[in-house]
There are 2 protein chains.
Amino acid sequence: MRRHHRRRSSTPSIDFGVDDDDDEEETSSDARMKCVSCKEDYSSRDAGTCRECYEEASETEEELKREIEDLKAKVNFLRFWAPSDPLHHLHQQQRTAPFFSDVVLVASHDESGNSTPHPVPVPANRAVLASRSPVFRAMLENEMEESLSGTIKISDVSYDALRAFVTYLYTADACLDELMACDLLVLAEKYQVKHLKTYCEKFLISKLNWENSLPNYAFAHQHNAKKLIDAALSLIMENMDKLSKREEYKELVDKDPRLVVEIYEAYLSRQVNTAVHKDSVAKA
Amino acid sequence: MRRHHRRRSSTPSIDFGVDDDDDEEETSSDARMKCVSCKEDYSSRDAGTCRECYEEASETEEELKREIEDLKAKVNFLRFWAPSDPLHHLHQQQRTAPFFSDVVLVASHDESGNSTPHPVPVPANRAVLASRSPVFRAMLENEMEESLSGTIKISDVSYDALRAFVTYLYTADACLDELMACDLLVLAEKYQVKHLKTYCEKFLISKLNWENSLPNYAFAHQHNAKKLIDAALSLIMENMDKLSKREEYKELVDKDPRLVVEIYEAYLSRQVNTAVHKDSVAKA
């Protein structure tokens with residue numbers, strides 16, 4: 001019997017270091033394991049998990065996937081066909097029956113502030129609008145003009161954006177490009193539809209680059225989109241040397257210099273923090 | 001340098017067997033790996049994954065968890081406060097404003113078939129009912145009595161079950177016990193609310209035991225609940241020796257002997273399959 005249980009200590013790197021630089025290689029390559037996932041051999045320096053932990057993790061993954069399936073089914077169940085949805089319209093015409101719409105929204109003024117002469121109404125349900133937006137709820141419950149007339153006028157919006165907005169209230173889905181994401185974020189902020197605001201913010205953050213960071217920073221400030229502010233600010237601070245040369249920078253200095261001040265303040269604060277951190281690391 | 005790359009072959013058990021019975025222990029325990037998850041040492045026979053696969057799996061898990069968070073937020077956004085919800089009622093009274101309810105449901109006959117003299121109406125919205133159930137949609141869109149009167153009579157149901165049913169249509173949630181799950185499954189089947197039917201079926205399957213397997217089997221047959229039929233049947237077939245002694249068995253033979261025949265047919269078919277399987281294994 002040549003059993004020699006050379007167990008690795010719980011702090012292997014220290015042990016290896018003491019003996020010899022080559023020892024780690026020697027000890028660890030001795031036996032090679034076969035990964036149950038990729039089926040490749042690996043040595044102790046590439047060790048991941050034991051089989052028990054692997055099996056537990058696989059079970060967890062399966063459970064999470066089942067939960068996702070359940071939640072997706074729930075979303076599908078709770079989602080409506082929006083009355084303004086093109087497919088719904090088609091469906092409607094075929095059935096020539098109403099969708100029990102009891103209110104309409106109209107884009108009373110376009111994005112340039114011009115009054116729309118014959119706005120196309122977007123049909124909706126009071127119950128849906130009220131359940132999705134506290135602003136609509138207040139409007140519809142309190143015998144305001146909108147409630148009495150059954151028409152809600154929305155200003156500074158295109159018909160397309162308004163329709164996408166209403167569709168989102170029914171389905172929690174929107175087909176976004178950057179312009180539409182900005183339009184919907186504005187509506188979400190105005191009507192306090194948090195879920196939509198987060199959705200648009202995430203989309204805009206995913207599209208951030210140095211070219212659009214300043215306009216996005218200013219836009220986010222205007223509509224109180226904190227995560228977008230932070231993301232844009234990070235990107236701007238990474239390119240401070242190029243900042244003042246940009247056309248948008250000069251425009252912002254003219255239009256809203258306080259926002260420019262905030263950029264410099266954030267930059268300086270980060271520099272100070274980095275210096276303090278370096279200092280404390282050096283002392284330690 | 002004492003490097004000796006004793007790589008394990010891809011079929012280690014055969015290699016080990018040829019040499020010596022103790023060799024496996026010796027070779028594999030030579031170097032022990034540290035599991036990055038449970039921090040315990042493990043030997044090659046307990047090997048799980050390499051570090052790369054572990055890291056990938058961890059990333060996947062994080063992604064799945066983020067997806068779950070997103071889906072949960074979506075469900076919360078799409079969910080309504082049901083007009084029949086007790087909390088909603090409280091909220092309602094405080095605000096003394098309507099929930100834009102445009103239809104009521106009433107339990108016209110209780111479970112025993114007795115007409116309810118003064119049924120309490122459960123308020124709802126046509127748009128919600130129509131979007132959740134094709135039966136309600138047909139009823140409400142086609143100028144049927146229900147649509148004209150704004151009152152939908154539901155027979156053979158208690159007020160509590162009806163309220164829970166309507167609440168589910170708004171929230172995709174219900175507080176179940178076995179009785180309520182049966183009541184809601186019946187309504188879900190009648191009004192073709194698939195999501196609710198699946199929900200009740202899953203609950204009843206989770207509560208299955210030998211004692212309730214026969215009544216559940218009969219109930220599932222009556223309401224076309226296939227998964228519940230299968231689960232109950234499996235449990236019954238595990239206890240065939242005790243089956244004919246049960247009171248519920250005798251009742252079922254009297255009431256619906258075809259269902260009893262199906263049990264025996266399934267049992268026999270399973271026995272034949274098992275025999276064929278054993279036979280083919282023996283020949284191989």
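Order of the sequence lines sets the chain letters (A, B, ...), proteins ahead of strands, with each chain counted from 1. Since we're looking at a predicted model, the values are computed, not measured.
Counting heavy-atom pairs closer than 4.5 Å to chain B, the top-ranked of the candidates Lys65(A), Arg132(A), Lys72(A), Glu67(A) is Arg132(A). Listed options Leu78(B), Val36(B), Leu64(B) were ranked by heavy-atom pairs under 4.5 angstrom with chain A; first place goes to Leu78(B). Interface summary for chain A: among Ala57(B), Ala127(B), Ser37(B), Ala130(B), the most heavy-atom pairs under 4.5 angstrom belong to Ala127(B). When the candidates Val128(A), Thr198(A), Asn76(A), Asp102(A) are compared by the number of heavy-atom contacts under 4.5 Å with chain B, Val128(A) comes out ahead.
Only the side chain of Cys53(B) comes within contact range of chain A, with heavy atoms under 4.5 Å apart. Residue contact with chain B, scored on non-hydrogen atoms closer than 4.5 Å, is absent for Ser58(A). Both the backbone and the side chain of Leu169(A) come within less than 4.5 Å of a heavy atom of chain B. At a 4.5 Å heavy-atom cutoff, the contact between Leu140(B) and chain A is made by backbone and side-chain atoms alike.
By the 4.0 Å N-to-carboxylate-O rule, Lys197(B) lies close enough to Glu189(B) to be salt-bridged with it. Taking a cutoff of 4.0 Å between a charged side-chain nitrogen and a carboxylate oxygen, Asp173(A) and Lys74(B) qualify as a salt bridge.
Under the side-chain contact (heavy atoms from CB on, under 4.5 Å) rule, Ile154(A) has a single partner from Val166(A), Leu187(A), Val122(A), which is Leu187(A).
Between Tyr168(B) and Phe77(A), the distance from one ring center to the other falls under 6.0 angstrom.
Heavy-atom minimum distance, Val104(A) versus Pro123(A): CG1-CA, 4.0 Å. Listed here is the closest heavy atom pair of Ala47(A) and Tyr42(B): CB-OH, 3.7 Å.
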